[in-house]
Trainee: 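Following this message is one structure expressed as structure tokens.
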Amino acid sequence: MRRTRRRSRDLTPRRCRALLLPLLATGLLATACGAGPSLRPGVAVEHPHSGGAPAAGTTSATPAVPAPQAPKHDLAWHDCAATTFDQLGLGAAPAGVIFECSEYATPIDSGGAIMGTFRTAVARARVQQTPADAAPLVLTSGSDRSAVATLAGMVAGPAPAALAAHPIVAVDRRGLGGSQPIDCLPVDIRHRIADAGQFVPGGGDPVDAMAKLSQDATIACQDFLQPYQGTFDAAHAADDIDALRKQWQVDKIALLGTGNGARVALAYAAKYGTHLARLALDSPEAVNTDAATRSEQRLKGAEAALTAFAQRCAAVSCALGPDPRAAVTDLVRRATAGDLGDLSAGALLTTISGFLGDPRADQTAHVTELADALAAAGRGDRGPLTQLNARETAAVAADGQFVTRCSDSQQPATPAHAKDLENTWGTQYPVFGRVAAARLMTCTAWPVPTPPPVPATLDLPVLVLGNTADPVSGPDARPSVTGALGVAGARTATVTWEGWGHPVFTHSGCAQQNLADYLNDATLPADGSACPG
């Protein structure tokens with residue numbers, strides 16, 4: 001055990017300044033240890049969902065849906081385009097887009113079990129023609145990556161159609177991006193988790209190594225976060241979004257959840273459904289499924305996204321040669337065998353999957369960036385890949401992601417099951433499979449939290465976006481979500497994008513137009529509509 005290394009009890013400035021000083025500044029005094037909300041969802045079943053377009057010759061009896069409202073009391077915004085785009089490695093901020101940042105205070109626990117506030121970071125994007133009195137669309141990416149980074153990625157490419165009628169306001173989840181920071185993992189544990197247990201002293205099966213690392217990481221972060229360790233789940237993230245609604249002094253908002261952010265959006269619908277005027281879910285994470293199933297869904301999407309990347313790579317004669325997928329597969333094999341020095345297969349795959357799931361709208365224009373870095377690593381020059389790994393790790397695998405993902409994790413796999421999947425997935429998913437099996441152990445030591453709630457009733461049309469080559473949520477997650485919404489009484493329509501990447505709306509102008517139309521009057525497109533890749 002690493003209890004001699006724990007420092008949360010003595011609250012040393014180096015370990016705790018990032019978390020506690022902002023809280024002390026708001027007068028935080030922890031009075032009790034409180035658990036998160038205990039709303040439990042019913043069992044969602046998959047059954048057909050109805051589209052928004054009525055059949056020919058019929059009329060729709062759908063009642064009018066209240067519109068989202070413009071803020072009556074807005075935040076104090078300031079320009080942050082240059083600094084944000086520089087920090088995210090997106091280059092110069094695009095001309096014509098107004099990108100602003102702000103923050104607001106959110107109760108640590110809306111139920112009052114723990115007093116005090118956290119700091120929540122937000123960013124707003126709009127264009128010159130965006131009406132000044134337009135209601136904003138609130139965006140959450142959940143624990144996948146900073147929502148501000150997702151929004152910046154969208155505006156980094158061609159002029160986004162989604163901003164013409166409505167500004168988009170991205171809300172960073174606790175522990176991610178500019179929101180309340182988390183720095184709880186000792187450096188050695190953080191590195192070993194990133195390596196997926198490959199270089200743990202003494203060797204052995206990576207599954208066993210990751211199970212032990214999960215224990216060490218859980219002790220470190222639970223102690224560091226006391227007494228707030230139960231407040232980083234999706235339900236509390238939903239509370240933070242409602243705090244923004246209250247700050248704006250409005251009754252109805254429009255909400256878009258991407259990937260894991262869809263779980264936050266569903267939690268919001270469960271707790272604050274009467275305050276929703278629009279709900280859109282982009283590439284949603286599955287609900288009411290076990291960890292192994294969710295992981296396999298991501299595996300299918302990651303392998304499909306890699307295939308699409310390889311096809312694009314070959315088409316532009318990239319540095320990986322005539323068969324880029326085979327070159328990547330061989331590089332992962334070499335990393336697994338230890339033939340690439342201290343570059344582990346886990347770190348390599350975090351770089352690849354992070355790149356494939358990057359929200360930047362002009363992602364296909366950067367295919368050669370990853371190809372060049374991988375090809376150089378294959379020749380023994382790991383410099384470019386190391387830089388790319390640092391960027392992607394900071395975006396998708398920081399301490400905040402460990403805490404928030406484990407705070408939502410349900411039905412973990414056993415070590416025996418994970419070891420069986422090492423071989424099965426290693427064959428079925430030759431690039432990502434074996435590391436994914438070991439990473440099933442990441443949250444096994446974390447106390448199993450209350451399941452993120454899903455709405456019991458929701459009389460609202462819901463737009464769902466998705467694609468088959470999604471490395472973050474995978475192609476098979478949507479039925480569980482539309483099934484849960486159907487049980488709640490919501491009308492849904494799915495629009496499928498034929499491209500690769502995550503999320504859909506940042507990459508597809510067609511999807512953005514469907515989203516804009518839905519925001520305008522809550523009309524859903526025909527279920528099963530498609531957008532070209």
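In this chain, residues are counted from 1 in sequence order. Scope of the values below: all heavy atoms of this structure, side chains included, with no hydrogens, waters or symmetry mates.
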Trainee: Specify whether Phe118 and Phe232 have parallel, tilted or perpendicular ring planes, treating 30° as the upper limit for parallel and 60° as the lower limit for perpendicular.
Mentor: tilted
Trainee: Can you see which heavy atom on Val250 is nearest to which on Pro71, and at what distance?
Mentor: CG1-CA, 3.8 Å
Trainee: Can you give me the closest heavy-atom contact between Ala413 and Ala291, atom names plus distance?
Mentor: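 The answer is N-CB, 4.3 Å.
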Trainee: Considering non-hydrogen atoms only, spot the tightest contact between Val148 and Val122 and give its length.
Mentor: CG2-C, 4.2 Å
Trainee: Ion pair present between Arg245 and Asp242, side-chain N to carboxylate O less than 4.0 angstrom?
Mentor: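 A salt bridge is present here (some side-chain N lies under 4.0 Å from a carboxylate O).
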Trainee: In Å and rounded to the nearest 0.5 Å, what is the CD to NE2 distance from Gln363 to His502?
Mentor: 12.5 Å
Trainee: Decide, yes or no, whether a salt bridge links Asp183 with Arg190 under the criterion of side-chain N to carboxylate O below 4.0 Å.
Mentor: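 Yes, Asp183 and Arg190 are salt-bridged.
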Trainee: If you take all heavy atoms of Pro186 and Ala220, which pair is closest and at what distance?
Mentor: CD-CB, 3.7 Å
Trainee: Should Asp408 and Arg173 count as an ion pair when the cut-off is N to O under 4.0 Å?
Mentor: yes
Trainee: Please tell me whether Asn389 and Thr351 have a donor and an acceptor in their side chains that are separated by less than 3.5 angstrom.
Mentor: yes
Trainee: Kindly indicate, with the supporting measurements, whether the criterion salt bridge (charged side-chain N to carboxylate O under 4.0 Å, His left out) is fulfilled by Asp205 and Lys419.
Mentor: CA-CA 8 Å; Asp205 193 290; Lys419 288 179 182 179; 5.3 Å; no
Trainee: Is it the case that the side chain of Thr386 and the backbone of Arg382 share a donor-acceptor pair, with hydrogens and angles ignored and the cut-off at 3.5 Å?
Mentor: yes
Trainee: Passes side chain to side chain donor-acceptor pair (under 3.5 Å), His236 versus Asp239? Steps please.
Mentor: CA-CA 5 Å; His236 282 81; Asp239 294 339; 4.7 Å; no
Trainee: Give a yes or no on whether the backbone of Met210 and the side-chain of Ser214 come within a donor-acceptor separation of less than 3.5 Å.
Mentor: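 No, Ser214 side chain to Met210 backbone: no donor-acceptor pair under 3.5 Å.
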Trainee: Once the angle between the rings of His275 and Tyr272 is folded into 0 to 90°, is it parallel (under 30°), tilted (30 to 60°) or perpendicular (over 60°)?
Mentor: tilted
Trainee: Which residues pass the salt bridge (Lys or Arg N to Asp or Glu O under 4.0 Å) test with Arg124, not counting sequence neighbours?
Mentor: Asp74, Glu100
Trainee: Spell out, as yes or no, whether a donor-acceptor pair under 3.5 Å connects the side chain of Ser480 to the backbone of Ala477.
Mentor: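 Judged by distance alone, yes, a pair lies under 3.5 Å.
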Trainee: Could you check whether any side-chain N or O of Arg174 sits under 3.5 Å from a backbone N or O of Ala237, counting only pairs where one atom can act as donor and the other as acceptor?
Mentor: no
Trainee: Quick one: closest heavy-atom pair of Lys271 and Pro453, and the distance?
Mentor: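 Minimum heavy-atom separation between Lys271 and Pro453: CG-CG, 4.5 Å.
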Trainee: One thing to verify: whether Lys212 and Asp208 come together as a salt bridge, which I'm taking to mean a side-chain N less than 4.0 angstrom from a carboxylate O.
Mentor: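 No, this pair does not count.
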Trainee: Atom CG of Leu465 and atom CG of Leu281: how far apart are they, to the nearest 0.5 Å?
Mentor: 8.5 Å
Trainee: Pair Ser141, Asp144 - check side chain to side chain donor-acceptor pair (under 3.5 Å), show working.
Mentor: CA-CA 6 Å; Ser141 301; Asp144 294 332; over 6 Å; no
Trainee: Report yes or no: does Asp172 contribute a side-chain atom to a donor-acceptor pair with the main-chain N or O of Gly178 at less than 3.5 Å?
Mentor: yes
Trainee: Output every pair passing salt bridge (charged side-chain N to carboxylate O under 4.0 Å, His left out) with a member in residues 444-455, not counting sequence neighbours, ordered by first then second residue.
Mentor: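 As it turns out, there is no salt bridge (charged side-chain N to carboxylate O under 4.0 Å, His left out) pair with a partner in residues 444-455 once direct neighbours are skipped.
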Trainee: Rounded to the nearest 0.5 Å, what separates atom CD in Glu392 from atom CG in Leu356?
Mentor: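 Separation between the atoms: 9.0 Å.
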Trainee: Is it true that Thr350 and Arg439 share a donor-acceptor pair across their side chains at a distance under 3.5 Å?
Mentor: yes
Trainee: Going by heavy atoms in the side chains, are Thr289 and Gln411 under 4.5 Å from each other?
Mentor: no
Trainee: Applying side chain to side chain contact (heavy atoms under 4.5 Å, CB included), run through Val403 and Phe224 and close with a yes or a no.
Mentor: CA-CA 11 Å; Val403 170; Phe224 178 81; over 6 Å; no
Trainee: Does the side chain of Leu348 come within less than 4.5 Å of Leu331's, by heavy atoms?
Mentor: yes
Trainee: In terms of side-chain geometry, is the basic nitrogen of Arg405 or Glu285 positioned less than 4.0 Å from the acidic oxygen of its partner?
Mentor: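 Not counted as a salt bridge, because no side-chain N and carboxylate O are separated by less than 4.0 Å.
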Trainee: To the nearest 0.5 Å, tell me how far Asn260 CG sits from Thr140 OG1.
Mentor: 7.5 Å
Trainee: Quick check: does any side chain N or O of Glu303 sit under 3.5 Å from a backbone N or O of Phe432, one acting as donor and the other as acceptor?
Mentor: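 Yes, the answer is positive, given that a donor and an acceptor are paired below the 3.5 Å cut-off.
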Trainee: Does Ser283 reach the main-chain N or O of Ser473 with its side chain, forming a donor-acceptor pair under 3.5 Å?
Mentor: no
Trainee: Could you verify whether a donor N or O on one side chain and an acceptor N or O on the other, from Asp109 and Thr231, lie under 3.5 Å apart?
Mentor: no
Trainee: Check for a donor-acceptor pair, side chain of Gln222 on one end and backbone N or O of Gln229 on the other, with a separation under 3.5 Å.
Mentor: no
Trainee: Run Asp470 and Val504 through side chain to side chain contact (heavy atoms under 4.5 Å, CB included) and show every step you take.
Mentor: CA-CA 9 Å; Asp470 177 358; Val504 168; over 6 Å; no
Trainee: I'd like to know if the side chain of Ser353 reaches the main chain of Leu349, judged simply by a donor and an acceptor atom lying under 3.5 Å from each other, with no hydrogens or angles considered.
Mentor: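 Flag set: sc Ser353 to bb Leu349 pair under 3.5 Å.
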Trainee: Please check if the side chain of Asp233 supplies one atom and the backbone of Ser407 the other of a donor-acceptor pair under 3.5 Å.
Mentor: no
